[in-house]
Amino acid sequence: MSELLSNKELANKTVVDFLKKKEKTKTKFYFNDLCKLFPDDKPRQIKKIINVMVTDEILEYWSSGSTTMYGLKGAGKQAAAEGEK
Amino acid sequence: MAFISSGYNPDKPMEDRITDIGPRKYDEFYPSVIAKNKGKWSHHEILEAGVIVHVAESGDEVYTVRVGGCRLMTTTHLEEICQIADKHCDGHVRFTTRNNVEFMVDSKDKVEPLKNDLASRIFSGGSQKFPIGGTGAGITNIVHTQGWIHCHTPATDASGTVKATMDEVFEDFQSMRLPAKLRISMACCLNMCGAVHCSDIAILGYHRKPPMLDHEYLDKICEIPLAIKACPTAAIRPAKTKLADGTEVKTVAVKNERCMFCGNCYTMCPSMPLADTEGDGIVLMAGGKVSNRISHPKFSKVVVAFIPNDMPRWPSMTDAIKKMINAYSNGANKYERLGDWAERIGWEKFFEVCELDFSHHLIDDFRQQAYMSWRQSTQFKF
Amino acid sequence: MAKHKTPLLDQLESGPWPSFVSDLKHQAEVRAKNEEGIEFQIPQDCVEDLLGVLELSYKHGRTHWKHGGIVGVFGYGGGVIGRYCDQPALFPGVEHFHTMRVSQPAGKYYTTEYLRNIMKLWDLRGSGVTNMHGSTGDIILLGTTTPQLEEIFYELTHNLNQDLGGSGSNLRTPADCLGSSRCEYACYDSQALCHFLTNEYQDELHRPAFPYKFKFKFDACPNGCVASIARSDMSFIGTWKDDIQIDQDAVNKYVENDSAYPSNAGAHKNRDWGPFDIQKEVINLCPTGCMSFENKQLTIDNANCTRCMHCINTMPRALKPGKEKGCSILCGAKAPILDGAQMGSLLVPFVEVNPDNDYQAITEVIENIWDWWMEEGNNRERLGELIMRQGFQRLLEVTGIKAAPQHVQYPRTNPYIFWKEEEVPGGWERDVEEYRKHHLR
Ligand code: HEM
Ligand code: HEM
Ligand code: HEM
Ligand code: HEM
Ligand code: SF4
Ligand code: SF4
Ligand code: SF4
Ligand code: SF4
């Protein structure tokens, strides 16, 4: 595991910064997009960290039924449109 | 109605949480004759349509009575299934991949009472609750998807087209007179949750109009880059447009001739609906199979490019299906699946004997495999 | 009295086939009467409204559902499909009407006790409408509201020892044929393997990190009752390596048309096809022509048999698969979206199915494939498409499997081989000056 990924704070910050930067145009990303932030790590390792961010309520999933995407918790236009928030 | 808590505490979702336990273990649910003889079955025989006996090396027997089920099933109906299973089968029951229900008993004298009980149960509207059949060289239940009952992209209904079709082919559900088994599948959009691409006959919902654009709301409700990315054919691009009141809004434009009507954009963006009364309807495919028996598994081929939705019973669709089944039944050799028969007589004859029209829509022009389906030979029938 | 008039749906109540409309109407009445005094946690009349909105779709020829991005319960990335009605004012009972996928037991056997527990939970906290089963294989609970999702999950896990299934970009709930539990053709225990892998890969099932969905399906013999070859990214099909077991006496019973030995186990009973003729129906239909029947003796040239199952299906009391059993693994089946449909392509011709070492030979293949696909797969690219894009050779490379003629229907028909530098003696770096000594400019 790279230093970046093994440092939880730094890893979280990397992901959050990336998502914040893109937030204006897009709030949901594929897992692959997040993997690009950790070029030195294997997807299966990155998955563990990203999923902890979900249980830590930093990120949340979004699903089309067939594909899943990741975004910052509560971000995006559809959450409101669905009348669930 | 007062809220009843299960014990879950929304403020502490991780407290006392149980995860990753998977399904229940299969052998908790085996009837005793199955548990005892698993892996030691000698042979089986279909005694009559819907009734199978399996004989174990030990001499034990299990009699299975198979009945058709709607995969859309309520707890009221399930309760009735449970009552039958309690009364006849020691509280055990099994479901098949194709939405049939199997009641198993461990001796022959229990079969008739079970059959009589099943056959006696009728819905108030007149249909049978538990029709016995679905075995051997006949037509078993249709595997299908959600349709209008629950999905957002269907081009037709699933439960309704299935009911209409099964009513028409019911005789073949309860008998085994066909040359080989005939599998029908149904999927209500081209995503084909139900995977119908390898069935003897496939019913497929299909849209024919690209999405509409709700410009005023699109940018408010949807993330435009996501809608663009959702499109498998890259038909969507960002755009700006002026509303009637003069305000300029961000929106998307769709290159209509590239659209394959998949509905993925609507999944991502509710401001791009594509359902349409005239545009939507049914494609029929035929000649696929998944078994390795005699010939290789093969894909179904499109044999009717479009049939409009004629609710509630889709008569033109069931007509076309019946024509195919009859021609197949009359023309095929014993053991020949529908696709093998069509290949033997030639697809040009298939259209003739099934009395189906051929049109340019049925010639493949989708990506590289199209060429493989054209005729590179001077051998054909007039 | 029904809440909504449903003249179109009513026409689907007649005819012999079980009517889902009758069933739904009956359910609506049961909920309205509520003789059991259930404290419904979602609108009592949701089934009435479900019928109402369906009738409207029958009238319009258009769906009235919208998709929602809700994915699952806390920490899970799948198992729930979000659904909203686009006419909530007309049908408030189904305004929010989400699906939950419940992981089914392998083989789909049940006790009524278990079913009743699920039903009780679902009557209390949902619509009571289900799919038995969805086409992936899960038990589908059709229609509940967002606040109930966690409650249902809590009860499932705490009281029923039962987990959710998968949806989204993850491992989908695996599904199997009934195999050796009741079928004499089974070449391995599909339930045991299906259950083992489902549990082994719970993390992959609940926490999506794949490029797209991924499916395992298990057919215990080449008859393929769950259609794994067409419906799964990895298909495990039972097969055998040695000789078909023959009981010559039983063969002759079939030949003599003994009534205790109906050909094809009775599957053609309702038409008169004439007496069973072994030459016509078995020997001549064997796709490899590897059988003969002379002097009451059936001979199979097993080295040339492709294990299509025809002769065994036709004379099940006389023929059995061999004794050295295992499975073949095929990869990459997918539906036509986007580059056309693919069936599974043979990757592992034969592998032992050995529970004693936790199916090590099989999990090794799976994990090698996942590592490759997760690393190289594009967003929403199924395994079959990755194989097409990077080549079957690459699949062999990542799984460390040696190329064999079994992998192809026929060898390539073009000579455009992309030789790698290391495969060519001397490599690609050459001295043009040296060349020019013998070839003038
Ligand atoms: C011409 C197009 C297609 C046809 C005729 C077709 C046909 C079928 C058939 C017959 C089955 C098996 C049903 C059964 O007997 O249980 C099936 C299953 C399946 N198909 Fe297709 N299919 C098509 C396209 C697709 C596409 C494009 C996809 C996905 C991208 C797809 C995904 C699936 C899946 C996932 C299954 C298994 C469903 C399950 O998990 O139970 N199919 N298809
Ligand atoms: C872009 C493509 C796709 C989208 C947007 C999509 C979306 C969905 C949605 C929203 C559902 C839930 C329906 C409901 O329960 O209300 C669903 C179900 C399902 N999908 Fe897909 N799907 C896609 C492609 C596929 C493909 C390619 C397959 C198979 C290879 C597939 C297999 C399934 C299956 C098996 C179900 C369960 C449906 C059932 O049991 O009837 N889907 N899909
Ligand atoms: C890398 C690809 C190919 C190479 C290097 C190649 C090379 C050659 C050579 C060296 C000859 C003999 C020329 C001679 O007689 O002096 C030849 C003949 C021929 N090639 Fe090819 N060829 C290729 C592809 C094809 C293809 C794709 C076709 C047709 C589809 C084709 C059709 C023919 C025919 C018809 C002849 C004449 C054969 C004869 O006279 O008996 N070739 N080719
Ligand atoms: C990369 C592709 C191809 C290469 C490298 C190639 C090469 C050649 C060569 C070297 C010859 C012999 C020329 C000579 O007589 O000096 C030839 C002849 C010929 N090629 Fe091609 N060819 C190719 C593709 C094709 C294709 C696609 C076709 C037809 C569909 C074709 C049809 C022919 C024919 C008809 C001849 C003449 C044969 C004869 O003289 O009897 N070639 N080609
Ligand atoms: S086939 Fe299409 S419309 Fe039907 S349930 Fe699946 S995604 Fe929905
Ligand atoms: S329906 Fe499908 S192909 Fe057409 S624009 Fe939408 S996403 Fe693209
Ligand atoms: S796939 Fe083979 S082993 Fe499994 S149930 Fe079907 S015939 Fe039996
Ligand atoms: S299994 Fe098929 S290929 Fe093998 S001997 Fe029997 S009919 Fe022939």
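Naming: A, B, ... by sequence-line order, numbering from 1 per chain.
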Report which part of Asp189(C) has an atom under 4.5 Å of a heavy atom belonging to chain B: side chain, backbone, both, or neither. side chain

Within the side chain of Glu39(C), is there an N or O that forms a donor-acceptor pair under 3.5 Å with the backbone of Ala2(B)? yes

Please classify the contact between Asp20(B) and chain C as side chain, backbone, both or neither, with a heavy-atom cut-off of under 4.5 Å. both

Kindly say whether Ala230(C) contributes a backbone atom to a donor-acceptor pair with the side chain of His197(B) at under 3.5 angstrom? yes

Under 4.5 Å to a heavy atom of chain B? For Gln191(C) that would be both

Taking every heavy-atom pair that is under 4.5 Å apart, which of Ser175(B), Ser127(B), Gly125(B), Ala35(B) has the most such pairs with chain C? Ser127(B)

Quick check: does any side chain N or O of Arg17(B) sit under 3.5 Å from a backbone N or O of Phe74(C), one acting as donor and the other as acceptor? yes

Identify which part of Ser295(B) has an atom lying under 4.5 Å from any heavy atom of chain C, answering side chain, backbone, both or neither. neither

Which bit of Glu57(B) comes within less than 4.5 Å of chain C, counting heavy atoms only: side chain, backbone, both or neither? neither

Ala192(C) versus chain B, heavy atoms under 4.5 Å apart: side chain, backbone, both or neither? both

When the ring planes of His150(B) and Trp65(C) are compared, do they come out parallel, tilted or perpendicular, using 30° and 60° as the limits? tilted

Side chain, backbone, both or neither of His206(C) within contact of chain B (heavy atoms, under 4.5 Å): side chain

Option that, when pairs with chain C are counted at under 4.5 Å, heavy atom only, ranks first among Asp90(B), Thr64(B), Asp310(B): Thr64(B)

Given a strict heavy-atom distance threshold of 4.5 Å, which part of Tyr114(C) is in contact with chain B: side chain, backbone, both, or neither? side chain

NE2-OG1 distance between His133(C) and Thr96(B), expressed to the nearest 0.5 angstrom: 9.5 Å

If you tally heavy-atom pairs under 4.5 Å against chain C, which of Gly160(B), Pro273(B), Ser124(B) wins? Gly160(B)

Ile229(C), part contacting chain B, at a heavy-atom distance under 4.5 Å: side chain

Heavy-atom distances under 4.5 Å only: say whether Lys181(B) touches chain C with side chain, backbone, both or neither. neither

Is there a donor in the side chain of Gln146(B) and an acceptor in the side chain of Asn131(C), or the other way round, less than 3.5 Å apart? yes

Would you mind checking which part of Thr314(C) comes under 4.5 Å of any heavy atom in chain B, side chain (CB onward), backbone (N, CA, C, O), both or neither? both

Verify, without hydrogens or angle tests, whether Gln41(C) (side chain) and Ile4(B) (backbone) share a donor-acceptor contact under 3.5 angstrom. yes

Lys38(B) side chain vs Gly179(C) backbone, donor-acceptor pair below 3.5 Å: no

Pick from Gly138(B), Gly39(B), Gly279(B), Pro308(B) with the largest number of heavy-atom pairs that fall under 4.5 Å of chain C: Gly39(B)

Is a donor from one side chain sitting under 3.5 angstrom from an acceptor on the other, for Ser6(B) and Arg125(C)? no

Under a 4.5 Å heavy-atom cut-off, does chain B meet the side chain of Val53(C), its backbone, both or neither? neither

Can you tell which part of Val62(B) gets under 4.5 Å to a heavy atom of chain C, answering side chain, backbone, both or neither? side chain

Given a strict heavy-atom distance threshold of 4.5 Å, which part of Asp27(B) is in contact with chain C: side chain, backbone, both, or neither? neither

Contacting region of Thr165(B) [heavy-atom separation from chain C under 4.5 Å]: neither

Which region of Thr277(B), side chain (C-beta onward) or backbone (N, CA, C, O), has a non-hydrogen atom less than 4.5 Å from a non-hydrogen atom of chain C, or is it both or neither? both

Please work out which of the three classes, parallel, tilted or perpendicular, describes the rings of Tyr58(C) and Trp148(B), given edges at 30° and 60°. perpendicular

Can you tell which part of Asn161(C) gets under 4.5 Å to a heavy atom of chain B, answering side chain, backbone, both or neither? both

Which bit of Phe170(B) comes within less than 4.5 Å of chain C, counting heavy atoms only: side chain, backbone, both or neither? side chain

Considering only NZ, NE, NH1 and NH2 on the basic side and carboxylate oxygens on the acidic side, decide whether Glu13(C) and Lys163(B) come within less than 4.0 Å. no

Nearest non-hydrogen partners of Trp17(C) and Asn141(B), listed with the distance: CZ2-OD1, 3.3 Å

Structural part of Gln83(B) lying under 4.5 Å from a heavy atom of chain C: both

Output for pair (Ile140(C) CD1, Met73(B) CE), nearest 0.5 Å, gives 13.5 Å

Apply side chain to side chain donor-acceptor pair (under 3.5 Å) to the pair Tyr335(B) and Asn264(C), showing each step before the final yes or no. CA-CA 10 Å; Tyr335(B) 301 113; Asn264(C) 222 34; 4.8 Å; no

Matching residue for Arg116(C) among Asp86(B), Thr75(B), Leu78(B) - test: side-chain contact (heavy atoms from CB on, under 4.5 Å): Asp86(B)

Separation of Arg98(B) CZ from Cys225(C) SG (nearest 0.5 Å): 10.0 Å

Rounded to the nearest 0.5 Å, how far apart are CD1 of Ile152(C) and OH of Tyr8(B)? 12.5 Å

Side-chain donor/acceptor of His43(B) to backbone N/O of Ala265(C), under 3.5 Å: no

Check each atom of Thr156(B) against the heavy atoms of chain C and say whether the ones under 4.5 Å are side chain, backbone, both or neither. neither

Please classify the contact between Pro222(C) and chain B as side chain, backbone, both or neither, with a heavy-atom cut-off of under 4.5 Å. both

Among Gly136(B), Ala180(B), Gly288(B), which residue has the highest count of heavy-atom pairs closer than 4.5 Å to chain C? Gly136(B)

Can you say whether Asn379(C) sits under 4.5 Å from chain B via the side chain, the backbone, both, or neither, judging by heavy atoms? side chain

Relative to chain B, which segment of Lys280(C) carries a heavy atom at a distance below 4.5 Å: side chain, backbone, both, or neither? neither

Sort Pro179(B) into side chain, backbone, both or neither according to what part of it lies under 4.5 angstrom from a heavy atom of chain C. both

What are the two closest non-hydrogen atoms of Ile34(B) and Ser181(C), and how far apart are they? CG2-O, 3.4 Å

Side-chain donor or acceptor of Lys269(C) paired with backbone N/O of Leu47(B) under 3.5 Å: yes

Contacting moiety of His54(B), where chain C heavy atoms sit under 4.5 Å: side chain

Scanning both residues in full, the closest heavy-atom pair of Cys70(B) with Pro18(C) reads SG-O, 3.3 Å

Under 3.5 Å, side chain of Thr198(C) to main-chain N/O of Gly22(B), donor-acceptor pair present? no

Counting distance only, does the side-chain N/O of Glu184(C) pair as donor-acceptor with the main-chain N or O of Trp41(B) below 3.5 Å? no

Top of Ile294(B), Asn309(B), Val93(B) for chain C proximity - count of heavy-atom pairs under 4.5 angstrom: Ile294(B)

So, the part of Tyr261(C) with a heavy atom under 4.5 Å from chain B: the answer is neither

With a 4.5 angstrom heavy-atom cut-off, could you sort out which part of Ile42(C) is near chain B: side chain, backbone, both or neither? backbone

Between CG on residue Leu12(C) and CG on residue Asp167(B), distance to nearest 0.5 Å: 8.0 Å

What's the separation between atom CZ in Arg24(B) and atom OG1 in Thr111(C), rounded to the nearest 0.5 Å? 7.0 Å

